[in-house]
S.K.: 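I'd like to ask you about the structure that follows.
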There are 2 protein chains.
Amino acid sequence: MAVSNEMAPDEPSTATVDGVVTAVRDGIMQGRYAPGQRLPEADLVSLYQASRGAVRTALAQLESEGIVLRERNRGARVRPISLDEAVEITEARAVVEGLCAAKAAQRITAEEKKSLRALGDELRVAVDEGDVMAYTRVNQEVHRAVRDISRHETAGVMLDRLRTQSVRYHYTVALLPGRPAVGMREHVEVIESVCSGDADRAEQTMRAHLLSVVDALQQLDANLHQW
Amino acid sequence: MAVSNEMAPDEPSTATVDGVVTAVRDGIMQGRYAPGQRLPEADLVSLYQASRGAVRTALAQLESEGIVLRERNRGARVRPISLDEAVEITEARAVVEGLCAAKAAQRITAEEKKSLRALGDELRVAVDEGDVMAYTRVNQEVHRAVRDISRHETAGVMLDRLRTQSVRYHYTVALLPGRPAVGMREHVEVIESVCSGDADRAEQTMRAHLLSVVDALQQLDANLHQW
DNA sequence: GGCAACCAGATTGTTAACAATCTTGGTTAC
DNA sequence: GTAACCAAGATTGTTAACAATCTGGTTGCC
């Protein structure tokens, strides 16, 4: 069995098709399912107590989300994302989140400004205390907040897809020396420009931030080739 | 029956799941299936000679592509796209195709420059002759060419999804008075800037072009409210 | 020893029947 | 005349059995 209970000891009982989708998706995003790992239907059936039809539908959906690969008569497996692809995904995020930042700057309310700035403070604390886990979490919350404030439905669903494909690298980037400090500075700039209402500057700072993540990814790539 | 043979007299025989997906998708994009029209599984089965399982899988995939809406125990229907949504989609296209244009400017080869400029000439001819059909077709070919030249897989997939959702409005926009002339001028600028190798200018011109489409859409909206 | 054909087990693809849910039309009570 | 109700038909959701395909190891032959 490719998927044993020891490897993914979660969500033990009852599941519909959506249940299986979220369970497997979370499993992939949290790294419990490794890239390239096989996902036999029978295993998922017994793991999540779902019917085979439900599992099958769920796998089809995950394939269309781009995080699962299926080959005819050969089953499904976790789709490996190369570093090149992670770069592409981040480039795409740069322009789409840039759009969100611009819209957010135009549409942000007083209340939203308060809670957005509060996230900036949380970020400072996390970096000061060297808490990488908290940094990564608040990091994502900032991006999520800008996405929500923008009220741009289309961009929102696009970002959901991109994020689920690339989260695996987020942890890796955050572990680069000095990265949290740089990322924090950039996020504060994004927050300030969005709150200022300057759409152009908000777009620029968000893009610059994500292009700096692209640089970090390529640096990671260089480090790997060095070994 | 919501889907009669008279309304969609195409693809009469044999179909796998992919066959049904492309058939229905094309039907929606070409306007043979109207927005909101119901798509009962039984009808699709007899129309395309596919098994019900295949039809069911196809509908699930089309739902995830955002062009079909499904409600539990109430079946599937063609998802209506509002004008507001079309605006959002075009805004998203503006930034993603802007990215493609920038990458294309950096990566374009001598051969590709020739065929891209040839498309520009075709566009001039179509506008001179007042051939709206040809204009719309070449129009899409230009965007497709830039997308291909950019060699940006991730952006390409995103654009495929956005395009299938919004094609319905392309014809409408092209029918606005003076629109083909404006669009032609903008496309020529895009082509020239991409061929010049100036990534920033290529991105700017592509964005400007699609934002002008947004304006055209909103003008369309105003016309509708006037009636 | 190496190679090719082959066989058994595992895994996925397909189909058909059954169950659950919704819609529609008519009927009845008020 | 209207509104609530109910039953029949239509439509989708679920399950289980069967068929097709692939994988890995084994056997026989050169």
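So that the names make sense, note that chain A is the first sequence line, chain B the second, and so on, each numbered from 1. This structure is a prediction, so every number in the text was calculated from the model and none was measured.
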S.K.: Salt bridge or not for B:Glu71 and B:Arg77, using N-O below 4.0 Å?
M.R.: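 Yes, B:Glu71 and B:Arg77 are salt-bridged.
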S.K.: When you get a sec, tell me which of D:dC22, C:dT11, D:dG13 is the closest nucleotide to the side chain of A:Arg38?
M.R.: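 Side chain of A:Arg38 sits closest to C:dT11.
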S.K.: Quick one: label B:Arg52 by what it contacts on the DNA or RNA (base, sugar-phosphate, nothing), any heavy atom closer than 4.0 Å.
M.R.: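 Answer is base: heavy atoms of B:Arg52 come under 4.0 Å of a base.
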S.K.: The side chain of A:Arg70 is closest to which nucleotide in this list: D:dT12, C:dT12, C:dG13?
M.R.: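 Side chain of A:Arg70 sits closest to C:dG13.
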S.K.: Taking the basic N atoms (NZ, or NE/NH1/NH2) and the acidic carboxylate oxygens, is any pair closer than 4.0 Å for B:Asp160 and B:Arg147?
M.R.: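 Between B:Arg147 and B:Asp160 there is a salt bridge, with a charged N closer than 4.0 Å to a carboxylate O.
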S.K.: Return the nearest nucleotide to the side chain of B:Asn73; candidates are D:dT15, D:dC22, C:dT21.
M.R.: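 Out of D:dT15, D:dC22, C:dT21, the nucleotide with an atom closest to B:Asn73's side chain is C:dT21.
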S.K.: Measure OH/A:Tyr48 against C1'/D:dT14 and give the value in whole Å, please.
M.R.: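 Going from OH in A:Tyr48 over to C1' in D:dT14 covers 21 Å.
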S.K.: Give, for atom CG of B:Leu59 and atom CG of B:Leu39, the distance between the pair rounded to the nearest 0.5 Å.
M.R.: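 Rounded to the nearest 0.5 Å, the CG-CG separation comes to 6.5 Å.
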S.K.: Expressed in angstrom and rounded to an integer, what is the separation of A:Leu69 atom CG from C:dT12 atom P?
M.R.: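 Value for this atom pair: 14 Å.
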S.K.: Going by distance alone, is a donor N or O of one side chain under 3.5 Å from an acceptor N or O of the other, for A:Glu186 and A:Ser212?
M.R.: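 Result is yes, a qualifying pair exists.
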S.K.: Quick one: A:Glu63 CD to C:dT12 P, roughly how many Å, whole number?
M.R.: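 Rounded to the whole Å, the gap is 13 Å.
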S.K.: Are B:Ser51 and C:dT15 close enough that a side-chain N or O sits under 4.0 Å from OP1 or OP2?
M.R.: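 The answer is yes; a side-chain N or O of B:Ser51 sits under 4.0 Å from OP1 or OP2.
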S.K.: Could you tell me the separation between the CD atom of A:Glu41 and the P atom of D:dT15, rounded to a whole number of Å?
M.R.: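 Going from A:Glu41 (CD) to D:dT15 (P), I get 14 Å.
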S.K.: Could you state the atom-to-atom distance from CZ of A:Arg56 to P of D:dA16 in whole Å?
M.R.: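 My rounded result for the distance is 16 Å.
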S.K.: For B:Arg72, which contact category applies under a 4.0 Å heavy-atom criterion: base, sugar-phosphate, or nothing?
M.R.: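 Since only primed, P, OP1 and OP2 atoms lie under 4.0 Å of B:Arg72, the category is sugar-phosphate.
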S.K.: Separation of B:Leu44 atom CG from D:dT12 atom C1', in whole Å?
M.R.: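 Computing the B:Leu44:CG to D:dT12:C1' distance gives 13 Å.
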S.K.: Show the numbers, then the answer: is there a side-chain contact (heavy atoms from CB on, under 4.5 Å) between A:His170 and A:Asn139?
M.R.: CA-CA 10 Å; A:His170 293 180; A:Asn139 211 327; over 6 Å; no
S.K.: How long is the line joining CG of B:Leu59 and P of D:dT11, in whole Å?
M.R.: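 So the two atoms are 14 Å apart, to the nearest Å.
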S.K.: Rounded to whole angstrom units, what separation is found between the CZ atom of B:Arg74 and the C1' atom of D:dG9?
M.R.: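 Atom CZ in B:Arg74 sits about 17 Å away from atom C1' in D:dG9.
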